[in-house]
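So the structure is just underneath, and the comments pick up after that.
Note: hydrogens, waters and symmetry copies are ignored here, and every other heavy atom, side chains too, is used.
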Amino acid sequence: MYKALVIGTSFGGLEALKAIIPLFPKNFPLAVIVVLHIGENQNDSFIRYLNDISQLHVKEAEDKEQVSLGTVYFAPPNYHLQVEGDESFSLSTDPKVNHSRPSIDVLFETAAWCYKQRLIGVVLSGLNQDGAYGLLQINDLGGICIVEDPENAIARIMPSAAHKIAKPQFITPLHQIAEKIIKLVRSQN
């Protein structure tokens, strides 16, 4: 039974996330944890906007916070977001990974170790390879991996790298990703 969904994106990610998160139903039974590369910029206004148009509660993750189902969490700017074994968050200012903090790989790898086969990982539009090795870790530990179809992505580098390195089970156009996730969850729960 799936417990968490992790999403990583960079350039083009605002549009991609707006096409996915609002489609999750109010009773969506997973925690959704997102790394969006925005540098040191604040993402408060985007989080408020998503919260207004979504059926799920959307917020910034906090250090030591327990992961709750049916909530969408964003990594705070300039912090790595990690999922601990007790299903709580920890924030880190460790060096950048793939030129990024927060790093998608850091979130994906820690979530994979915590949730194993109960995790779904998604890589969306972006301009670097962050997320590819984290998605591979999810795959190796029995989770499900979805990559936005690079042909249609605003920025193809990130989904292309994830496709090549992680060998995901699904390469899906953006407009079908939310539906694919909902179907996977319904088939398992």
Side-chain angles (χ1 to χ4, degrees), residues 2-17 19-21 30-39 61 67 72-75 77-85 89-90 92 94-185 188:
Y2 299 118
K3 287 195 75 176
L5 165 67
V6 289
I7 301 174
T9 188
S10 177
F11 186 81
L14 295 174
E15 292 304 314
L17 292 167
I20 295 173
I21 291 173
L30 306 184
V32 181
I33 310 166
V34 181
V35 166
L36 170 64
H37 291 169
I38 55 168
V67 178
V72 179
Y73 298 96
F74 275 80
N78 215 23
Y79 286 92
H80 291 305
L81 179 60
Q82 301 165 115
V83 181
E84 300 296 331
F89 291 122
S90 63
S92 159
D94 286 346
K96 293 181 177 183
V97 176
N98 296 311
H99 311 288
S100 302
R101 188 175 58 223
S103 165
I104 299 166
D105 278 338
V106 169
L107 170 63
F108 280 19
E109 288 170 6
T110 60
W113 298 328
C114 178
Y115 293 110
K116 299 182 176 57
Q117 74 279 4
R118 300 172 299 152
L119 183 65
I120 300 171
V122 179
V123 171
L124 303 172
S125 175
L127 288 174
N128 67 18
Q129 294 191 11
D130 192 21
Y133 287 102
L135 199 66
L136 176 62
Q137 184 77 50
I138 292 170
N139 206 351
D140 286 349
L141 291 174
I144 294 290
C145 301
I146 301 170
V147 171
E148 180 181 0
D149 187 344
E151 294 302 311
N152 306 112
I154 292 173
R156 298 176 178 184
I157 296 169
M158 189 175 284
S160 293
H163 176 235
K164 180 179 175 187
I165 292 167
K167 307 288 188 254
Q169 291 90 342
F170 303 102
I171 308 294
T172 308
L174 178 62
H175 70 278
Q176 295 177 1
I177 289 176
E179 180 184 347
K180 170 66 72 182
I181 293 166
I182 292 166
K183 284 182 179 176
L184 284 167
V185 170
Q188 285 287 300

Would you say the side-chain atoms of [X] pair up with the backbone N or O of [Y], donor to acceptor, closer than 3.5 Å?
X	Y	answer
Asn98	Gln129	no
Arg118	Ala4	no
Arg101	His80	no
Thr172	Glu148	no
Asp105	Gly134	yes
Ser103	Ser100	no
Thr9	Ser125	yes
Ser10	Gly126	no

Where do [X] and [Y] come nearest, in terms of heavy atoms and distance?
X	Y	value
Phe108	Val123	CE2-CG2, 3.7 Å
Ala153	Pro159	CB-CG, 3.9 Å
Leu81	Ala61	CD1-CB, 3.7 Å

Worksheet item: Taking Leu119 as the fixed residue, which of Leu30, Ile144, Leu5, Val6 is the one that meets the side-chain contact (heavy atoms from CB on, under 4.5 Å) rule?
Response: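 Result: among Leu30, Ile144, Leu5, Val6, Val6 is the only option passing the side-chain contact (heavy atoms from CB on, under 4.5 Å) with Leu119.
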
Worksheet item: Taking atom OH of Tyr79 as the centre, does the number of heavy atoms from other residues, nucleotides or ligands within less than 6.0 Å exceed 12?
Response: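 No, because the 6.0 Å sphere around OH of Tyr79 holds 12 heavy atoms or fewer from other groups.
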
Worksheet item: So with a 6.0 Å cut-off around CD of Gln137, is the heavy-atom count from everything else above 12?
Response: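 Yes, the 6.0 Å shell around CD holds more than 12 heavy atoms from other groups.
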
How long is the gap from [atom1] on [X] to [atom2] on [Y], to the nearest 0.5 Å?
X	Y	atom1	atom2	answer
Ile104	Ile7	CD1	CD1	10.5 Å
Lys180	Ile146	NZ	CD1	7.0 Å
Phe89	Thr110	CZ	OG1	9.0 Å
Ile154	Leu127	CD1	CG	10.0 Å
Lys3	Lys116	NZ	NZ	12.0 Å
Asp149	Arg156	CG	CZ	9.0 Å

Worksheet item: Is any side-chain heavy atom of Leu124 closer than 4.5 Å to a side-chain heavy atom of Leu17?
Response: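 When only atoms from C-beta onward are counted, Leu17 and Leu124 do touch, with a gap below 4.5 Å.
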
Discussion item. Within the 3.5 Å criterion, strictly below it, is a donor on His37 or Asp130 matched to an acceptor on the partner's side chain?
Written reply: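 Yes, because at least one side-chain N or O of His37 sits under 3.5 Å from a partner of the opposite role on Asp130.
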
